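All values derive from a computational prediction rather than experimental measurement.
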Amino acid sequence: MQLLFETFMEHPSESVDEADFRDAMAGAASSLELITFAYLSLPSQPSGKPRLISNYPARWTAHYLQNRYQKIDPVIMRARCGGCPFRWGSDMRGFATSQVQQRLFDEAAEFSIRCGLTIPIVDRRGCTAAVTFAADEPNPTFLRVAERYEQALQLMATCFHIYVRRKLSGNGMVDGVLLTPREYECLQWAARGKSAWDIAGILGIKPRTAAFHLDNAKKKLGVRTITQAAVRLADSRSRIH
């Protein structure tokens with residue numbers, strides 16, 4: 001378990017987009033025979049949009065977000081209160097569910113999401129999130145893993161949330177300077193020692209395009225070198241987080 005946790009921690013620390021984070025958690029969960037997971041971070045403002053990182057079927061996650069199910073989902077409503085991890089099933093025993101809420105669970109069951117272990121997260125900023133490991137049925141393997149590794153999964157979920165908040169929730173601001181999403185992304189990679197050529201290969205763009213975005217970021221931040229821009233990015237993150 002220690003090796004698994006160390007490996008997992010390395011991946012989010014190196015992740016720069018949602019796909020990276022999804023693969024990191026999916027890989028760790030799979031190692032514990034947990035097939036599907038979902039991370040849902042709720043917006044701080046009523047008009048905001050939730051962030052969902054998951055390996056659930058794409059049709060289900062799109063349907064869930066389109067219908068704003070996070071507002072009525074009994075699992076998320078319970079997670080909003082914080083507290084300890086909890087298990088649930090499609091019958092939602094112990095939950096007061098309406099017809100609409102039961103329909104939500106019936107629809108989820110069509111995508112083999114019938115039970116799960118949910119870990120509530122309420123961070124020091126008051127932001128609410130939840131990580132759920134789900135299954136088609138409460139089989140012995142799922143129940144054993146959920147019970148045996150509950151604390152480890154809780155720690156993994158919290159670390160995952162912190163890294164996502166740190167790397168993805170930003171709006172491209174560095175020391176009050178607004179960068180475009182691509183400028184910010186290129187600068188993140190440059191801060192990890194990647195050249196414009198490297199960044200081009202990673203992002204699937206031309207080297208001169210990567211260099212263009214890095215140059216723009218550098219000019220906006222009022223520095224002469226990419227290294228100085230990367231330092232500004234690191235300093236900005238440390239003050240925020």
Side-chain angles (χ1 to χ4, degrees), residues 5-30 37-45 47-56 58 61-62 65 123 125 127 129 131 156-241:
F5 184 75
E6 289 178 359
T7 302
F8 167 76
M9 287 301 296
E10 288 176 0
H11 289 171
S13 67
E14 297 173 354
S15 298
V16 296
D17 58 24
E18 289 191 1
D20 287 344
F21 281 101
R22 183 191 64 236
D23 292 346
M25 182 61 90
S30 177
F37 87 94
Y39 164 82
L40 181 68
S41 178
L42 300 174
S44 55
Q45 300 296 329
S47 59
K49 295 181 179 180
R51 179 184 297 278
L52 178 60
I53 301 175
S54 170
N55 64 350
Y56 284 177
T61 55
L65 293 175
D123 64 24
R125 294 181 175 185
C127 297
V131 173
M156 289 168 61
T158 301
C159 292
F160 187 86
H161 170 70
I162 291 171
Y163 276 116
V164 168
R165 187 189 69 186
R166 181 175 298 173
K167 294 196 172 188
L168 301 184
S169 63
N171 56 4
M173 296 293 289
V174 178
D175 280 349
V177 177
L178 180 63
L179 304 183
T180 67
R182 189 61 96 182
E183 289 165 356
Y184 193 83
E185 189 175 26
C186 288
L187 185 56
Q188 283 183 307
W189 281 110
R192 291 167 54 187
K194 302 297 183 181
S195 66
W197 184 272
D198 296 328
I199 296 169
I202 293 167
L203 300 181
I205 59 179
K206 294 180 179 180
R208 68 170 179 268
T209 303
F212 171 78
H213 290 304
L214 288 171
D215 192 51
N216 281 347
K218 184 176 63 175
K219 289 177 180 177
K220 287 181 179 181
L221 293 171
V223 296
R224 295 182 179 180
T225 68
I226 296 301
T227 299
Q228 290 172 329
V231 170
R232 289 280 298 276
L233 173 64
D235 288 346
S236 178
R237 282 177 174 174
S238 65
R239 285 194 294 273
I240 294 174
H241 306 289

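Here Ile53 contributes atom CD1 and Thr61 contributes atom OG1; the two are 12.0 Å apart, rounded to the nearest 0.5 Å. Summarising the geometry, atom CD1 belonging to Ile226 is positioned 9.5 Å from atom SG belonging to Cys186; distances are rounded to the nearest 0.5 Å. Rounded to the nearest 0.5 Å, atoms CG (Asp20) and CD (Glu18) are 10.5 Å apart.
Contact annotation: the side chain of Val164 approaches that of Arg51 to within less than 4.5 Å [non-hydrogen atoms, C-beta and beyond]. Between Val174 and Leu179 there is a side-chain heavy-atom pair separated by less than 4.5 Å. Residues Met156 and Val131 are not in side-chain contact: their nearest non-hydrogen atoms beyond the backbone lie 4.5 Å or more apart.
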(request) Tell me, with the steps shown, if Val223 and Arg232 meet side chain to side chain contact (heavy atoms under 4.5 Å, CB included). (result) CA-CA 9 Å; Val223 296; Arg232 289 280 298 276; 3.9 Å; yes
(request) Could you walk me through whether Lys49 and Leu65 pass side chain to side chain contact (heavy atoms under 4.5 Å, CB included), step by step? (result) CA-CA 9 Å; Lys49 295 181 179 180; Leu65 293 175; over 6 Å; no
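Scanning both residues, Arg22 and Phe37, for their nearest heavy atoms gives O-CE2, 3.6 Å. Closest approach of Tyr39 to Ala129, counting heavy atoms only: CE1-CB, 3.9 Å.
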Would you mind writing out the side-chain donor-acceptor pairs for residues 209-217 within the sub-3.5 Å range, not counting sequence neighbours?
| from | atom 1 | to | atom 2 | distance (Å) |
| --- | --- | --- | --- | --- |
| Asp215 | OD1 | Lys218 | NZ | 3.3 |
| Asp215 | OD2 | Lys219 | NZ | 3.2 |

Show which side-chain atoms of residues 192-202 pair as donor or acceptor with protein atoms under 3.5 Å away, not counting sequence neighbours.
| from | atom 1 | to | atom 2 | distance (Å) |
| --- | --- | --- | --- | --- |
| Arg192 | NH1 | Glu14 | O | 2.4 |
| Arg192 | NH2 | Glu14 | O | 3.1 |
| Ser195 | OG | Trp197 | N | 3.4 |
| Ser195 | OG | Asp198 | N | 3.1 |
| Ser195 | OG | Asp198 | OD2 | 3.0 |
| Asp198 | OD2 | Ser195 | N | 3.1 |

